[in-house]
Each structure stands twice: as C-alpha cells, then as structure tokens.
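Model, not experiment: these values are computed from the prediction. We number each residue from 1, following the sequence as shown.
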Amino acid sequence: SGMLLGAAGVFTHQLPLLYLGYGAIAGCGMGIAYLPPVATLIRWFPDRRGLATGMAICGFGGGAVFIVSLKKMLLANNFKAPEYLGKASDVVTKRSETGSLMAQIGDKWSEVVQVTASEVSHISSTLQDGIYLVGTGSTGVAATMGTLGLGYLAITLTGGLMLKTPPPGWQPESMKVAASTDDGKPAAPPPVVRNVHVDDVMKTPQFWLMWTTFLSTATVGMGLMSCAKDVLGACLSSSPMVAAAGGTAAFAATYVQFLAMGNLGGRFIWASASDKLGRKNVFTIFTCVGAPLYFALPWIVSNAVGAESYAPLVLFYGSTIAIISFFGAGYSTVPAYESDIFGSKYIAAIHGRIMIASALSGITGPMIFTKLHDREEQKAIDDLATKVD
C-alpha cells in the first residue's frame, strides 16, 4: 500500500504523498515483513537456525538484484516521450509574467520546456534537444511504482497466509534421532530453554554487547559500501594495474559486483557455518579478522596506488570483500544468536530492537568514512601547498 500511495504521489505531483507512502508506510512495511519470516523459521528449524536465517536474509538482500533489472524493464516499457515541437531556433517562444517559457501553438500560447543536448543524454537516447510541451509524456515512474506495489502486495499476502507457527514443543526428526539412546529408547529430555521476555532483554549485558558488536560490523559495512566507487576513483584511478584491468570504470563496476556477491555470500555461508562452529566462535572471527583488516585498509590502499604488480590490488580486493562478507553475516547470524541466548518466543520483538543498530549504522557509517576522506583530502592539499611555497 505504501508503494501504491507513493505512485499516486508521483502521478499527482504531491511530494508529501510520496514521502508518506514510499517513505514512511513502505519503510514500516519493510520492517514488518522482515521480522515474522525470520522468527518463524527459527522455530521450525531449531537445529539449523543459522542456515534458516541465512537463507531468509540472503533472499531479502538478493531480491534487490532481481528488482533492479525488473525496474529498468518497467521504466523502459512505461516511458512515453513528451510532445516534441522542434528545435529551439524553429519555435517562437517568450517568457510569461511568472517566468515560464511559453511557445506559440496555433493561435494560443502553451507552457514548454527547453532541453539541451547534454540534458537529453541523461534522460533518454530516443529524445533530441529542443522544445517540449509541458504536461505531455510520462517518465513511467508512477506506473512502475504502481505495478511493483501490486506485485509486493500479492506476494506479501500470499506469503503471510502460508506462514504457520509450529506447535509447542515441536522438534524436527533430526533432533528426535539425536535425542535417542543407542538402544533406540528416548534419552532424557533436553534442558528447558528459558525465553527472556522482551521487556527484560534490554536489561541484560548480553543484549548490549550483541547490539554494540552488530553496530560496529554494520557501520563498517555501510561506510565501505557508500564510498567504494569514490575510493576507486580518487585513490586507484592512477594505478597501472587498474588501467591494465580495463580502466577505472570497468574495474569499479566489477568491484561493486564482487562486493554485492561478498555481502550475499556472507549472509548464507557464515550463518550456515555458525551451526557447526558456534555463534560465539563466528563472531570472534568477525572481530579478530575484521577489525585488523579494517584498520589496515589505509595502508592497503596506499600500497595499491602506484603498485607495479597485482598483489596489492588483490589484497585490497580480498580484504574489502571479506569485510563486506562479515557485514552481511551479521544480519543473518544475529537472529540465530539471539535465539540461542534469549529463546525463540520473543525473537521477533528482540530482533526489532537489535535492528535499531542497523538504522543507526546507515547514518554513522557513511558519515565516518566521509569525515576520514575529507581529512585525508585536506591533508594532501596542505602538503601540496607547502611544496608549492
């Protein structure tokens, strides 16, 4: 419904309606649709919590890859060129009292817009520079948002009707077999897992330690994703190895694709591995490997700038992809870790509180990376100024 309301805002040119629908309502819907499937999967697969949450959250992130292509196709199909009146030199125009550009069409004046060749290149390859009649044509955004909104609504309702919570005390066959003795008789029942109430969970140190760890990994990931292209353009554009690999543009496109693969792969692989290695051990790997890699990034980038071999570039590639894999793994491993510590009964509400760290990292991550970039840029300017003097 948020997408549909946003589409109505675009169609009627009402910016507050777009903010309300596409921003507030769709954003709330995303959060609501995100939590119940994860909590339900944890209850259905208590023996494979990491694998279950990893597949669900990998699908959540991987859906963007499919939707981007679908959006491009829908926008292209729904685009309708505005009415073209001719070259600017061939159309009689004047300015109205309010400053609008007007063109004479027959015996009346209508509002038009003049589009230059450089502006056309950013809009569509099918258009040409000149005068266009205002109020004609369509970008296709409203129709695309409406189509996607209907699709999201149908899929969400269907998925919601299919979700079912397992009965109390339910266990998969693998756990029943593991709980049997060698002679086939049932072993002693497993200890009862205490479900910490959502009102009490924020009073425990475990919650805040987990929240802080998740905030740290998410902040690094958000910051790195936000400046990946800038790092390549500003720092590695002069690298001979980047030029040999096809130039900055080609290298950046491949690099961003590998970052996305590392993000999705980390969500599935690390979450699945946590079932075997243990959640605490996996988070120890995130900390003991991720933190040194993060602090070593400036040194890695500086060595890759003028390198005559691929080794520093490969090190930069591998270290950043590893960091991004830890970032993605945090999203898929944390729900299973929460269930291990606090029980699965209130996992949806508890995970919602943990996800506040994700929202905060979306602000702090890019901000920290931007501040560091500006500081290094100013330092380079000051060094150059001293050499000039």
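- The local environment of OH in Tyr152 is crowded, with over 12 non-hydrogen atoms from other residues, nucleotides or ligands closer than 6.0 Å.
- No side-chain heavy atom of Glu83 sits under 4.5 Å from any side-chain heavy atom of Tyr132.
- Residues Pro335 and Ile42 are in side-chain contact: their nearest non-hydrogen atoms beyond the backbone lie under 4.5 Å apart.
- Judged purely by atom type and a 3.5 angstrom limit, Ser100 has no side-chain atom pairing as donor or acceptor with the backbone of Ser96.
- For Met55, the CE atom sits in a loose shell: 12 or fewer heavy atoms of surrounding residues, nucleotides or ligands are nearer than 6.0 Å.
- The cluster map of Ile, Leu, Val, Met, Phe, Trp and Tyr, joined by side-chain heavy atoms under 4.5 Å apart, puts Met202 and Val196 in the same cluster.
- Considering every non-hydrogen atom in both Leu41 and Ala56, the closest pair reads CD1-CB, 3.5 Å.
- The closest donor-acceptor contact from the side chain of Thr53 to the backbone of Gly50 lies under 3.5 Å.
- No donor-acceptor pair under 3.5 Å is formed between the side chain of Thr40 and the backbone N or O of Thr165.
- With rounding to the nearest 0.5 angstrom, the NZ atom of Lys87 is 10.5 Å from the CD atom of Gln114.
- The distance from atom CZ of Phe327 to atom OG of Ser361, rounded to the nearest 0.5 Å, is 6.5 Å.
- For the side-chain contact (heavy atoms from CB on, under 4.5 Å) with Lys203, the qualifying choice from Asp199, Val201, Asp200 is Asp200, the only one to do so.
- Residues Leu101 and Val113 have side chains not in contact (no heavy-atom distance under 4.5 Å, counting atoms from C-beta outward).
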| query | Can you check side-chain contact (heavy atoms from CB on, under 4.5 Å) on Met355 and His351, steps first, answer last? | reply | CA-CA 6 Å; Met355 287 300 290; His351 190 57; 3.7 Å; yes
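- In this structure, Asp129 contributes its side chain and Val115 its backbone to no donor-acceptor pair below 3.5 Å.
- Between Met102 and Val112, the closest heavy-atom pair is C-CG2, 4.0 Å.
- Checked by atom type and distance alone, the side chain of Asn281 pairs as donor or acceptor with a backbone atom of Leu277 at under 3.5 Å.
- A side-chain donor-acceptor contact under 3.5 Å links Asn195 to the backbone of Lys345.
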| request: May I have the step-by-step check of side-chain contact (heavy atoms from CB on, under 4.5 Å) for Tyr337 and Arg49, ending in yes or no? | output: CA-CA 9 Å; Tyr337 203 2; Arg49 292 172 179 171; over 6 Å; no
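- Listed here is the closest heavy atom pair of Leu127 and Ala81: CD2-CB, 3.7 Å.
- The closest side-chain heavy-atom distance from Gln206 to Phe342 is below 4.5 Å.
- Judged by distance alone, with hydrogens and angles left aside, the side-chain atoms of Asn78 form a donor-acceptor pair with the main-chain N or O of Leu74 at under 3.5 Å.
- Other residues, nucleotides and ligands contribute over 12 non-hydrogen atoms within 6.0 Å of the CZ atom of Phe79.
- Using a 4.5 Å heavy-atom cutoff, the side chains of Leu157 and Leu153 are in contact.
- The CD1 atom of Ile354 lies 8.5 Å from the CH2 atom of Trp208; values are rounded to the nearest 0.5 Å.
- Here CE of Met367 is found 7.0 Å from CD1 of Ile363. Values are rounded to the nearest 0.5 Å.
- A 4.5 Å side-chain heavy-atom check between Glu119 and Thr116 finds at least one atom pair inside the cut-off.
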| task | Evaluate the side-chain contact (heavy atoms from CB on, under 4.5 Å) criterion for residues Leu51 and Phe268: first the C-alpha distance (whole Å), next the side-chain angles of each, then the deciding distance (0.1 Å), finally the verdict. | result | CA-CA 7 Å; Leu51 175 62; Phe268 178 73; 3.5 Å; yes
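- With rounding to the nearest 0.5 angstrom, the CZ atom of Phe214 is 11.0 Å from the CG atom of Leu360.
- In terms of the side-chain hydrogen bond (donor to acceptor under 3.5 Å, both in side chains) criterion, Ser89 has no residue partners (sequence neighbours excluded).
- Inter-residue side-chain proximity for Ser358 and Met222 is flagged as met; some heavy-atom pair is nearer than 4.5 Å.
- Here the side chain of Arg267 pairs a donor or acceptor atom with the backbone of Ile57 at under 3.5 angstrom.
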| task | Would you sort out whether Arg279 and Ser274 count as a side-chain hydrogen bond (donor to acceptor under 3.5 Å, both in side chains), showing the intermediate values? | result | CA-CA 5 Å; Arg279 247 69 75 175; Ser274 70; 3.0 Å; yes
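- Thr93 approaches Ala103 most closely through the heavy-atom pair CG2-CB, 4.1 Å.
- Applying the salt bridge (charged side-chain N to carboxylate O under 4.0 Å, His left out) rule to Lys80 yields no partners; only residues at least two apart in sequence or on another chain are considered.
- Residue Val220 comes nearest to Tyr294 through the heavy atom pair CG1-CD1, 3.6 Å, listed as atom of the first residue, atom of the second, then distance.
- No donor-acceptor distance shorter than 3.5 angstrom exists from the side chain of Arg48 to the backbone of Ala52, with no hydrogens or angles considered.
- Summarising the geometry of Gly266 relative to Ser332, their closest heavy-atom pair is O-OG, 4.2 Å, with the distance given to 0.1 Å.
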| message | If you apply the rule side-chain contact (heavy atoms from CB on, under 4.5 Å), what do you find for Leu148 with Thr144, and how did you get there? | response | CA-CA 6 Å; Leu148 291 175; Thr144 298; 4.1 Å; yes
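- Placement of Ile341 and Val334 within a single hydrophobic cluster is found when ILVMFWY residues are connected by side-chain heavy-atom separations under 4.5 Å, directly or transitively.
- Residues Val198 and Phe207 share a single hydrophobic cluster, defined by chaining ILVMFWY side chains whose heavy atoms lie under 4.5 Å apart.
- Taking the six-membered ring where the residue is Trp, Phe286 and Trp270 present perpendicular rings, their angle passing 60° and hence far from 30°.
- Following chains of ILVMFWY side-chain contacts shorter than 4.5 Å, one can reach Met73 starting from Val141, so the two form part of one hydrophobic cluster.
- Here CE of Met145 is found 5.0 Å from CE of Met3. Values are rounded to the nearest 0.5 Å.
- Side-chain atoms of Ser325 come within 3.5 Å of backbone N or O of Ala322 as a donor-acceptor pair.
- Phe326 places a side-chain heavy atom less than 4.5 Å from the side chain of Val289.
- By the rule that hydrophobic residues join a cluster once side-chain heavy atoms approach within less than 4.5 Å of another member, Val282 and Trp211 end up as members of one cluster.
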